[in-house]
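In each ligand, atom 1 is the first atom listed, and ligand 1 is the first ligand listed.
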Amino acid sequence: MFTNEYLNSLFETTKERNGSQPEYLQAVEEFFEAMSFIVENDPNIQKFGIMERIIEPERIVKFRVTWIDDQGKVNVNRGYRVQFNSAIGPYKGGLRFHPSVNESILKFLGFEQTFKNALTGLPMGGGKGGSDFNPRGKSDAEIMRFCQNFMLELYRHLGADTDVPAGDIGVGFREIGYLYGMYKKIRNESTGVLTGKGLTYGGSLGRKEATGHGLLYFVREMLKVYRNDTIEGKKVIISGSGKVGMHAALKAQEMGAKVIALSDINGFVHDDNGLDLNIVKMLTEKNPEFSTEYLQYRPSATYDSNPSNIWTVPCDIALPCATQNELPLEAAQALVENGCFLVAEGANMPTTIEATKYLQHADILFAPGKAANAGGVAVSGLEMTQNAMHIPWTYDEVDEKLQDIMAQIFNKAYTEARKYTDHRNLVVGANIAGFMRVYHAMMDQGIV
Ligand code: NDP
Ligand code: 2IT
């Protein structure tokens with residue numbers, strides 16, 4: 001499977017030990033493919049068990065969360081924190097509240113986060129957590145009670161220099177506020193133990209937009225370096241109109257692109273002349289599922305109730321920003337057939353391995369999430385810095401740093417890609433660049 005025997009045998013063992021965790025195995029497979037380019041030339045990787053250690057979370061905490069709904073009924077959910085790797089800094093990564101959450105999904109996310117955080121150049125290790133709690137349709141009071149009970153368990157594993165969670169799917173300002181309020185009450189301390197906080201109590205300007213904006217800054221570098229081109233006038237389609245997708249859309253428009261299709265869980269809307277993002281924004285602020293209502297305001301658009309069909313819309317650039325494995329092989333084939341020339345992942349692992357390979361073989365420019373969506377965690381790192389200094393930066397200061405970090409991430413991935421394989425292979429480049437930093441830190445710190 002891989003060109004290296006040692007990686008083949010280790011992957012077999014990993015499959016045996018984690019047979020029921022497909023997302024985690026998928027993330028390891030993509031990583032091992034990239035590692036095939038370097039393990040043979042560096043015997044220390046094998047001798048010091050670097051691969052064996054780096055694919056194994058340092059710690060997984062799993063706990064019961066009990067909460068009472070508005071009808072007085074007692075509910076039980078599962079809470080998790082996967083503390084994946086702390087070689088370069090405190091564990092750092094989001095919390096996801098979604099019914100699909102399980103150990104496989106959180107392990108894949110924590111694993112990817114380790115390399116993503118390394119790519120930012122900031123001192124952050126990798127972690128991820130969350131719950132199978134479904135926030136959809138819950139009242140504010142229910143969300144608050146759930147968050148408080150979740151934190152009643154999680155707090156003992158956190159700390160500004162130990163583990164610093166943030167948001168992810170289903171966790172935004174509101175949830176971070178409730179989680180933070182409970183942490184502060186239990187610990188009696190105001191440290192930056194969560195990022196993505198509200199601006200009145202230690203949050204950073206620019207954090208809510210950071211992943212989407214960072215994604216567009218990354219795309220800007222790709223277009224410049226590979227095509228001597230800009231995004232101006234390009235037709236862009238975006239899946240997911242949540243925190244990442246919405247800000248990616250707004251930034252793409254600001255940079256002169258035309259956002260022609262956008263999806264949510266109920267379908268997607270398409271208008272070849274460009275969607276009216278003010279209407280989308282107004283609708284999503286009331287109700288995250290905007291797609292069914294958009295046509296009432298802009299009847300020139302079309303609506304399709306299957307969100308996966310968005311990939312059949314002819315476009316120049318596709319930005320998957322919803323969830324893992326949302327872009328399978330058939331979608332990649334449709335994109336190529338319809339003239340798309342660039343795919344950049346705003347979500348984590350939205351493209352399946354087969355689809356990624358298909359796009360790369362078809363010479364489509366492809367940006368992996370661990371590089372292209374690192375802007376969110378990068379600004380989380382900047383939020384930690386501001387909290388530690390007790391001084392906030394302006395929006396422009398944060399944005400300038402974000403632009404610089406995204407350009408540097410592109411350069412690191414591009415440089416490694418050029419060194420080891422095709423200069424367009426940013427999957428290999430990003431994995432190697434992220435890995436190298438974690439690897440060297442692990443070597444320096446001995447066998448722990
Ligand atoms: P949100 O919960 O804010 O938004 C996700 C959106 O995607 C929701 O509107 C959801 O709808 C929708 N969605 C889910 N499945 C589909 C689907 N199959 N087709 C279309 N839409 C769908 O999450 P985020 O925006 O924060 O996260 C999105 C992705 O980006 C995730 O992969 C996350 O891990 C990644 N990411 C997030 C970062 C962050 O800082 N927030 C940073 C880096 C990556 P519904 O709510 O109805 O289910
Ligand atoms: O996937 C991600 O990078 C995030 N959800 C953001 C993590 C963070 O700590 O800001």
Side-chain angles (χ1 to χ4, degrees), residues 23 89-101 105-106 108-117 119-120 122 124-130 134-137 163-176 192 194-197 204 207-215 237-249 261-268 280 284 287-292 304-311 319-328 331 345-351 369-384:
E23 293 86 2
Y91 306 107
K92 180 83 196 89
L95 296 172
R96 178 176 289 191
F97 291 170
H98 193 270
S100 64
V101 161
I105 288 180
L106 295 180
F108 115 65
L109 288 164
F111 183 63
E112 297 246 305
Q113 196 82 45
T114 301
F115 306 109
K116 183 195 302 190
N117 294 2
L119 282 167
T120 66
L122 300 172
M124 302 182 290
K128 201 83 185 190
N134 187 358
R136 187 190 276 252
D163 186 347
V164 182
D168 193 79
I169 291 179
V171 177
F173 269 137
R174 177 181 57 170
E175 291 74 19
I176 293 291
L194 290 152
T195 61
K197 298 185 290 299
S204 174
R207 173 61 188 91
K208 73 173 170 4
E209 302 91 347
T211 313
H213 287 191
L215 176 66
I237 64 172
I238 301 177
S239 66
S241 46
K243 298 186 289 298
V244 178
M246 198 59 225
H247 290 292
L262 196 55
S263 67
D264 62 21
I265 197 71
N266 287 329
F268 75 93
V280 177
T284 51
N287 169 7
E289 298 144 30
F290 76 97
S291 67
T292 46
D304 184 324
S305 62
N306 182 354
S308 311
N309 287 344
I310 191 170
W311 310 120
L319 305 175
C321 293
T323 194
Q324 63 275 354
N325 291 328
E326 56 165 316
L327 201 165
E345 296 185 326
N348 287 306
M349 210 169 74
T351 319
K370 57 168 75 77
N373 74 32
V377 76
V379 174
S380 278
L382 300 179
E383 182 172 330
M384 289 164 74

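Considering only non-hydrogen atoms, atom 43 (C) of ligand 1 lies nearest to T211 out of T211, L327, L215. Here the shortest heavy-atom distance to atom 31 (C) of ligand 1, taken over G196, A322, G242, G245, belongs to A322. One option in M384, K92, R207, K116 has a heavy atom closer to atom 6 (C) of ligand 2 than any other, and that option is R207. Residue nearest to atom 16 (C) of ligand 1, selected from I265, N373, V377: I265 (by heavy-atom distance).
Short contacts between ligand 2 and K128, defined as distances under 4.0 Å to a heavy atom of the residue, involve ligand atoms 1 (O), 2 (C), 4 (C), 5 (N). Near A166, the atoms of ligand 2 lying under 4.0 angstrom from a non-hydrogen atom of the residue are 8 (C), 9 (O), 10 (O). Ligand-side atoms of ligand 2 in range of S380: 8 (C), 9 (O), 10 (O), range being under 4.0 angstrom from any heavy atom. Close contacts between ligand 1 and G240 involve ligand atoms 7 (O), 21 (N) [criterion: under 4.0 Å to a heavy atom]. Within ligand 1, the atoms closer than 4.0 Å to a non-hydrogen atom of R96 are 31 (C), 32 (O), 33 (C), 34 (O), numbered from 1 in the order shown. Those atoms of ligand 1 that come under 4.0 Å of a heavy atom in S263, given as number and element, are 20 (C). For ligand 2, the atoms sitting less than 4.0 Å from at least one non-hydrogen atom of G93 are 7 (C), 9 (O), numbered in the order shown with element in parentheses. Distances below 4.0 Å separate heavy atoms of G170 from the following atoms of ligand 1: 2 (O).
Under 4.0 angstrom from ligand 1, the non-hydrogen atoms of D168 come from both its backbone and its side chain. Contacts of C321 with ligand 1, taken as heavy-atom pairs under 4.0 Å, involve the backbone alone. Contacts between R207 and ligand 1, counted as non-hydrogen atom pairs separated by less than 4.0 Å, involve the side chain only. With a heavy-atom cut-off of 4.0 Å, R136 touches ligand 1 through its side chain alone. Counting heavy atoms closer than 4.0 Å to ligand 2, residue L109 contributes nothing at all. When heavy-atom distances to ligand 1 are checked against a 4.0 Å cut-off, K243 comes that close through both its backbone and its side chain. Only the side chain of P307 comes within 4.0 Å of ligand 1, counting heavy atoms alone; its backbone N, CA, C and O stay farther away.
Residue contacts with ligand 1: V244 is placed with a nitrogen or oxygen under 3.5 Å of a nitrogen or oxygen of the ligand (distance criterion only).
For the pairing with C321, the side chain to side chain contact (heavy atoms under 4.5 Å, CB included) check across L262, T211, N373, V244 returns one residue only, V244.
The protein heavy-atom contact nearest to atom 5 (N) of ligand 2 is D168 OD1, 2.9 Å. Nearest protein heavy-atom contact of atom 35 (C) of ligand 1 is N348 ND2, 3.6 Å.
Under a 4.0 Å N-O distance rule, the pair R136/E289 qualifies as a salt bridge. Taking the charged nitrogens against the carboxylate oxygens, E112 and K370 do have a contact shorter than 4.0 Å, which makes a salt bridge.
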